Structures are given as structure tokens and as C-alpha cells.
Protein chains: 2
Amino acid sequence: MNEIYLNKLQEKNFKLTPRRIAIIDFFLSRERYLNPEIIWKGLKKKFKHLGLPSIYRNLELFSKCGILTKIQMPNRKLYYGLCKAKDNKHHHHIVCIKCGKVGEFFEENLFEKKTINGFKVLNHFLQVEGICSTCRIKS
Amino acid sequence: MNEIYLNKLQEKNFKLTPRRIAIIDFFLSRERYLNPEIIWKGLKKKFKHLGLPSIYRNLELFSKCGILTKIQMPNRKLYYGLCKAKDNKHHHHIVCIKCGKVGEFFEENLFEKKTINGFKVLNHFLQVEGICSTCRIKS
DNA sequence: ATCCCAAATAGAAATTGTTTCTATTTGCTT
DNA sequence: AAGCAAATAGAAACAATTTCTATTTGGGAT
Ligand SMILES: [Mn+2]
Ligand SMILES: [Mn+2]
Ligand SMILES: [Zn+2]
Ligand SMILES: [Zn+2]
């Protein structure tokens, strides 16, 4: 279940610690975007000693490894969602504002034209919010 | 020069205070996105007494009035850029990572299809980064 | 299996951007 | 000119994140 993600760590020669595995498993079990404190509280049961800075450090690491994606929220907290993309192709994320589920999608030729309003485009951030199918059925 | 923005305030029955005018003028003079502290430091010369919370309060107000647009940056600070759009039509922003200039653009039919990956789309945030024409000429 | 060391971590403390609170001032209507 | 809700200053609180240092540990080498 979590092998894909653990492999991504090992590929890059990062150690495979119990905490790292637990964080990934926590994302897999929750199926929604999470912030550091929630993860910390959730894992404190399992680890007698667990530092919040470790959570922060690993989430940032996972984000750089393509395991997690950062999610922007109106409050000023960091959020991360598990990235389910099979390959490393550029893609975007859509989050459910009801349940927090994170989906992926590819938007072809979003900026194939590489100049906008005189600006040469270097990169972009696109986050879409909506309601997932599960939540739509419920209501 | 600043009338368009001042009108937007008056339309909504917000008072037209010296500080508000100065903040808008500051944006007009700088032509780049700014954060609260920079504005505060820049305007302290003009106002003997000037509270940072007032800056925060007004920037947020301006953002709600469509005068400013929030800009996301990798550091955890708030940034705002002056919105130059003539009408209130939905649009996006592109920022120059060299000089901080903010441009506008419309992306037609970005999400005319209103369902993505099973999610019903409610709204989206798109920020594009690039190099403006002025900066390209310089380098 | 044991040794070893760079990488990972805990825990406490510091940092700092932002918000809250209250008394005072001020823009604007009457 | 008066009155009042809105706006503000200044200090203080807040809280998310980061830094720091001593300690532990994963995993390659022996
Ligand atoms: Mn993804
Ligand atoms: Mn705009
Ligand atoms: Zn949902
Ligand atoms: Zn530029």
C-alpha cells in the first residue's frame, strides 16, 4: 500500500524511519489533506516521544520528494495532501471543501502559450476547490 | 490617478481616510506587490503615528473591495498587489519574480467544464509567475 | 552480529508574522 | 457645530513555524 511512497524516499537515499512510515500511513488512512498538528496528535498515541518539528521537517521533505503536495488554505496553516499521481508529470490538485479529499488532474495546454501579458511564463500554481462525488451523493 | 480605487471604497460606504489614500498611492508609486511591513515602513515617514494593525486591516479591506489582490509567496508573509482590472470580471494574476510587477489576464474557458475528476468545481486560485517585459529587456 | 557515523529526532526555546483588545481620534452625516 | 459610528494607535497576546543542541538511530561497512 505505502510501498510506492517508501520507494520514493529510498530512491533518494533518505532513511526509512518508523516515523516517516507512520506519517505516510496516516495520510493513507485518512484520505484527506492534513496539517502538521493533526498528524502530530494522531501519531502521539503510537510514539511515546514525538516532536512536532520532526513532523514539519518530514512533511517538507515529502513535499520535495513528490510524496505530498502543499495545499493553500485561507487560514495561515500549512496543509499537505498525499499525491496519488503515478508518474511525475506536471499536474494540479482539486480539493473537496467538505471532506478534504484531494484529487489530481492534468490540464493540457494550460500554458502552452508561454507569454502572457508580456510576461514570460516560468511556472504557475493552480488549486481548484470543489465537492467530491462522495460528498455530493450525501447531500 | 487613484480615483478609481477611492471610488470603490466610497461606493461601499467605507470612509476615505488619509491612511487609506496613502496606502493606495503607495501601491501606485511602487508598481509591485508589497507586504504589510514594507508599506508600514514606507508610510511612517508621512504619518507620525501609524499602527501596523491599521495596515493589516486596510489591506484586507481593500482585498475584499477588489482594490488589491492577495499574492502567495513561498515565505509565510502576506502580499498584496494593486488590481488593475477595469471591470469586475473574473481574472488571474501574473507576477514578475524579478521586479514584483503584477499583471492581469483572462483565461477563457479555463473551467467551463464544471466537473473534474468527479469533483464539482466551485472555485479556483491560479497564480502565474514569470518575467515581465521590462526585466527581460534588462537582462 | 557488531561497529560506526551521518542522518534523524526530541524537547525546549526563540522567532515573528498576524490578530486582538481598549481607549482615543476622526470622517462624515445632520 | 454636534454627534456618532467607523477608524486608528499602541501595547499585548497569539500561535504557527523554525532554530538549536544534545541524543538516538538506520543502515552500510566490517
Ligand atoms: Mn499530485
Ligand atoms: Mn486583478
Ligand atoms: Zn468530499
Ligand atoms: Zn519584472
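Everything quoted here is computed from the prediction, not taken from an experiment. Heavy-atom basis, side chains included; hydrogens, waters and symmetry copies ignored.
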Problem - The single option from B:Lys98, B:Lys138, B:Lys101 passing side-chain contact (heavy atoms from CB on, under 4.5 Å) against B:Ile131 - result: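 It is B:Lys98; the other options fail the test.
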Problem - Sole residue of B:Leu34, B:Asn35, B:Leu78, B:Ile23 in side-chain contact (heavy atoms from CB on, under 4.5 Å) with B:Leu59 - result: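 Exactly one option meets the side-chain contact (heavy atoms from CB on, under 4.5 Å) with B:Leu59, and it is B:Ile23.
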Name the nucleic acid region contacted by [X], choosing base, sugar-phosphate or nothing; use a 4.0 angstrom heavy-atom cut-off, strictly under.
{"X": "B:Lys77", "value": "sugar-phosphate"}
{"X": "A:Arg57", "value": "base"}
{"X": "B:Asn58", "value": "sugar-phosphate"}

Practice task
Choose from D:dT17, C:dA8, D:dA11 the nucleotide whose nearest atom is closest to any side-chain atom of A:Pro36.
Solution key: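 Nearest to the side-chain atoms of A:Pro36, counting from C-beta on, is D:dT17.
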Practice task
From the options C:dT18, C:dG11, D:dT8, select the nucleotide whose nearest atom is closest to the side chain of B:Leu52.
Solution key: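 The closest nucleotide is C:dT18.
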Practice task
For B:Tyr79 and for A:Ser54, locate the closest nucleotide of DNA chain C by heavy-atom distance; then report the residue assigned to the nucleotide nearer the 5' terminus.
Solution key: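 The 5'-side residue here is A:Ser54.
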Rounded to the Å, how far apart are [X] [atom1] and [N] [atom2]?
{"X": "A:Leu50", "N": "D:dT24", "atom1": "CG", "atom2": "C1'", "answer": "14 Å"}
{"X": "B:Lys15", "N": "C:dT25", "atom1": "NZ", "atom2": "P", "answer": "15 Å"}
{"X": "B:Phe47", "N": "D:dG10", "atom1": "CZ", "atom2": "P", "answer": "13 Å"}
{"X": "B:Arg20", "N": "C:dT26", "atom1": "CZ", "atom2": "C1'", "answer": "12 Å"}
{"X": "A:Asn13", "N": "C:dA7", "atom1": "CG", "atom2": "P", "answer": "10 Å"}
{"X": "A:Asn75", "N": "D:dA15", "atom1": "CG", "atom2": "P", "answer": "13 Å"}
{"X": "B:Gln10", "N": "D:dA6", "atom1": "CD", "atom2": "P", "answer": "16 Å"}
{"X": "B:Met73", "N": "D:dT17", "atom1": "CE", "atom2": "C1'", "answer": "20 Å"}

Just to confirm, is there a sub-4.0 Å distance from OP1 or OP2 of [N] to any side-chain nitrogen or oxygen of [X]?
{"X": "A:Arg76", "N": "D:dA16", "result": "no"}
{"X": "A:Thr17", "N": "C:dT9", "result": "yes"}
{"X": "B:Tyr56", "N": "C:dT18", "result": "yes"}

Practice task
Fit a plane to each ring of B:Tyr79 and B:Tyr33, take the angle between them on a 0 to 90° scale, and name the class: parallel (under 30°), tilted (30 to 60°) or perpendicular (over 60°).
Solution key: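 It falls in the perpendicular class, over 60°.
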Practice task
Measure the acute angle between the ring planes of A:His92 and A:His124, then classify it against the limits of 30° and 60° as parallel, tilted or perpendicular.
Solution key: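 Answer is tilted, since the angle falls between 30° and 60°.
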Problem - Residue met sooner reading DNA chain D from 5', once A:Leu16 and B:Ile55 are mapped to nucleotides - result: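 It is B:Ile55, whose closest nucleotide lies nearer the 5' terminus.
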Exercise for the section: Please answer whether the main-chain N or O of B:Leu9 pairs with a side-chain N or O of B:Glu11 as donor and acceptor at a distance below 3.5 Å. Expected result: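 It does not hold such a pair.
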